[in-house]
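Note sheet for the following structure.
Sequence lines set the chain letters: A, B, ... in the order given, protein chains first and strands last, and positions in each chain run from 1. Excluded from the calculations below are hydrogen atoms, water molecules and symmetry mates; all remaining heavy atoms, backbone and side chain alike, are included.
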Protein chains: 2
Amino acid sequence: MSTKRVTSHDVARLAGVSRTTVSFVLNNVPGMQISEDTRRRVFEAARQLNYHPDATARRMAAGQTNVIGFVLRQSHEQAFADHFMPQVLSGLSQAASAQGFHTLFEPIPPGDNSGTYLRLINERHADGIVLSGPRSDDEDLLKIRAEGAKVVLLGQLPDSDIPFVDVDNVGGACMATQHLIELGHQRIAMITNAPLAYTASTARLAGYRQALTLSGIQSDDRLVRYGNFTPQSGYTAMNDLLAQELRPTAVFVASDTVALGAVQAIRQVGLRVPEDIALVGFDDIPLAEFMDPPLTTIRLPALGLGFGGADLLIRLISGDEVNLTQIILETQLVVRDSSGANLSIRK
Amino acid sequence: MSTKRVTSHDVARLAGVSRTTVSFVLNNVPGMQISEDTRRRVFEAARQLNYHPDATARRMAAGQTNVIGFVLRQSHEQAFADHFMPQVLSGLSQAASAQGFHTLFEPIPPGDNSGTYLRLINERHADGIVLSGPRSDDEDLLKIRAEGAKVVLLGQLPDSDIPFVDVDNVGGACMATQHLIELGHQRIAMITNAPLAYTASTARLAGYRQALTLSGIQSDDRLVRYGNFTPQSGYTAMNDLLAQELRPTAVFVASDTVALGAVQAIRQVGLRVPEDIALVGFDDIPLAEFMDPPLTTIRLPALGLGFGGADLLIRLISGDEVNLTQIILETQLVVRDSSGANLSIRK
DNA sequence: CTATATTACTAACACGTGTTAGTAACTCGT
DNA sequence: ACGAGTTACTAACACGTGTTAGTAATATAG
């Protein structure tokens, strides 16, 4: 236990060759002439001593860490409120490990403006970072970018050339709304997932309006309410909508979690989903399937988002010529019962 | 961008001192006599050159990585089926970063028996690992332990002296069952969260039986069914229970996710929760609060589990004398409506 | 038989830090 | 004026690898 670490030097000695030869054999360096006999002796010595090259020394020599950092700017509650982030993380580390990279997980404590994630790249803990929850006013981000740091964002920043991977929020919201339109609804309300300070909220609202416009329906701001991540906010928003003189026949709620509260509000006034009010959510959280009624919603390519982010970042790190550095991933409509698509007749 | 990295050598030159002095000043090494003037010059030079010490070189010199690995053995679906793992991860990295450690996230692809996580410690990517989802038949685990690797398990291994942090499954299940007993139930069934191959399942079943025994109720195996993580399995198991000649008046379902299916089954035969059948779940998933009816359940100290695991591991790494290496964290009963505790009268 | 090419290696440097042992210069007590 | 102690540093080594340039020994060609 307290015995010294086995180094390539030890292997060399046992095999009766130089350390250089050991390196050549074990790394299988192409173009190096090594006799079959020596090769065998080195392998045998390494096996016998249970030799494992030291990753730190290797990094030092290579000038590369083979590590990517995953920086989480959102608060824990927000990031892990649903299935989403874990899946992103999973996709990320899958892509990383497929290319021989490791993943450093670095959540930023809420309210920490000291720019701790700068250290990740300044001190070379990682070769690059995937940054989730970017903010436009992030000066640190611009700074390290200017210094040549490799960064990929998860989510977009308006008017920026920083590489990113994002989910097609506009397209998804449009799809959700069109689904309701196709089912015959004309008076369709919307409850956002969060305040409009969040780009995703703005995008989903834009998609909703786009769908209405495409079908020639007048967009009416009195039918738009603002959620705030929580079921409570959905409950409040829906009550507000129900109190209107002209009740909507369908609501697009841009977050399944928020939709949960909306359903409760509808039930509480004695109305039924989807018979009286049809509902489409967004996110496809794991329990959407088991809600009462099962929620029609938009599924996000969470795994793909993480995978794509890591993949893009690693290509940037490797210095490959990357022609497409801003990627938008398609969403998918999952039809269940809450939208009324499975009702035999619509009046 | 392609300009060379700023090293402590550069700082030394600019400040007109040796590299050693730079190291003494910047690391504030105690007992070293440095004049106030020199000290200032070094700080100024470092600031001016925007110097950041290279983490890799530092590790090499220190012989320590200041990194802990978080190894996930469960499949993604299983690990992230609910809020649990993300919270563990969050607690873990909080504890780590509080002590100057970074967190390497290393999920093991399902079906990968090549023992990839061995490399984490063999190649010194990390000073130690927190291993989630340990298996008794894991030879790799015993091997690296024998070589002196620092390992902390999340979850217990029977008859082992390996340090671990775990949730009190027995106590939690006992508490859940006692809650039902206190509400007047005598004929209490149980649906497990998973097959008994999983230690957590066995422990929860033991807790259920313990509670019955303590109250002098005869434990009846015909009232026990086995879930399999999913709502579907809960649906099936509950239907099976309902088909019995003598229906239980209450059921302890050792997983909220499984309980979801159980509720559906009960509803489908026209019975009510909790009036006809009372229900207590386990895990307190985020949506338990919003189920219909809101689910009484056992809340797990997920954050504390991660935090405790990292903390214990780092203490082991630091060589501190640790007197308690096997830690069990208490759970908490969250009373909502599904258990009938809020009904005014019980018949 | 000699010049050249090939084979099979190795010596030495680079990566950037932390740290131990040592050394001038300067102060101080006697 | 001299030895001892203090102050303020520095030279040199260690950490463990990857890699470039070079070198003997052997094979091949003319």
What closest approach, in Å, do A55(B) and H125(A) show between heavy atoms, and which atom pair accounts for it?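 It is CB-NE2, 3.4 Å.
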Under a 3.5 Å cut-off on both pairing distances, which runs of 3 or more consecutive Watson-Crick or G-U pairs involve DNA chain C?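 Output for stems: C:1-30 with D:1-30.
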Are the side chains of L131(A) and I162(A) in contact, using a 4.5 Å heavy-atom criterion? no
Does any non-hydrogen side-chain atom of V88(B) lie less than 4.5 Å from one of S132(B)?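 Not touching, per the 4.5 Å side-chain cut-off.
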Scan [range] against DNA chain C and write down, sorted by residue number, each residue with any heavy atom closer than 4.0 Å; if none is found, say none.
range                     : answer
residues 11-31 of chain A : V17(A), S18(A), T20(A), T21(A), F24(A)
residues 35-46 of chain B : none
residues 53-62 of chain B : P53(B), D54(B), A57(B), R58(B), M60(B), A61(B)

Outer limits of DNA chain C sitting under 4.0 Å from a non-hydrogen atom of chain B, read 5' to 3', are dC15(C) to dT20(C)
Between V71(A) and the options I108(A), I121(A), V151(A), V130(A), the side-chain contact (heavy atoms from CB on, under 4.5 Å) test singles out I108(A)
Answer yes or no: is there an ion pair linking E44(B) with R41(B), defined by an N-O contact shorter than 4.0 Å? no
When you check the gap from the basic side-chain N to the acidic O, do D54(B) and R124(A) get nearer than 4.0 Å?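 Salt bridge: yes.
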One should read off an interatomic distance between D127(B) CG and L120(B) CG, to the nearest 0.5 angstrom, of 11.5 Å
List the residues meeting salt bridge (charged side-chain N to carboxylate O under 4.0 Å, His left out) with R119(A), not counting sequence neighbours, and say none if there are none. E123(A)
DNA chain D: 5'-proximal contact among I34(B) and V6(A) (nearest heavy atom): I34(B)
Side chains of residues 96-107 of chain B: which donor-acceptor pairs under 3.5 Å do they make with residues two or more places apart or in other chains?
| residue | atom | partner | partner atom | Å |
| --- | --- | --- | --- | --- |
| Q99(B) | NE2 | D311(B) | OD1 | 2.9 |
| H102(B) | ND1 | E106(A) | OE1 | 3.2 |
| E106(B) | OE1 | H102(A) | ND1 | 3.2 |

Holding to side-chain contact (heavy atoms from CB on, under 4.5 Å), I want the full list of residues that pass it with [X], two or more places apart in sequence or in another chain.
X       : answer
L329(A) : V165(A), P301(A), L305(A), I327(A)
S8(B)   : R19(B), V22(B), Y51(B)
R13(A)  : H9(A), D10(A)
A126(B) : V67(B)

Is it the case that T20(A) and S23(A) place a side-chain donor and acceptor less than 3.5 Å from each other?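 S23(A) and T20(A) do not have a side-chain donor-acceptor pair below 3.5 Å.
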Quick one: salt bridge (Lys or Arg N to Asp or Glu O under 4.0 Å) pairs with a partner in residues 131-143 of chain B, sequence neighbours left out? R73(B)-D138(B)
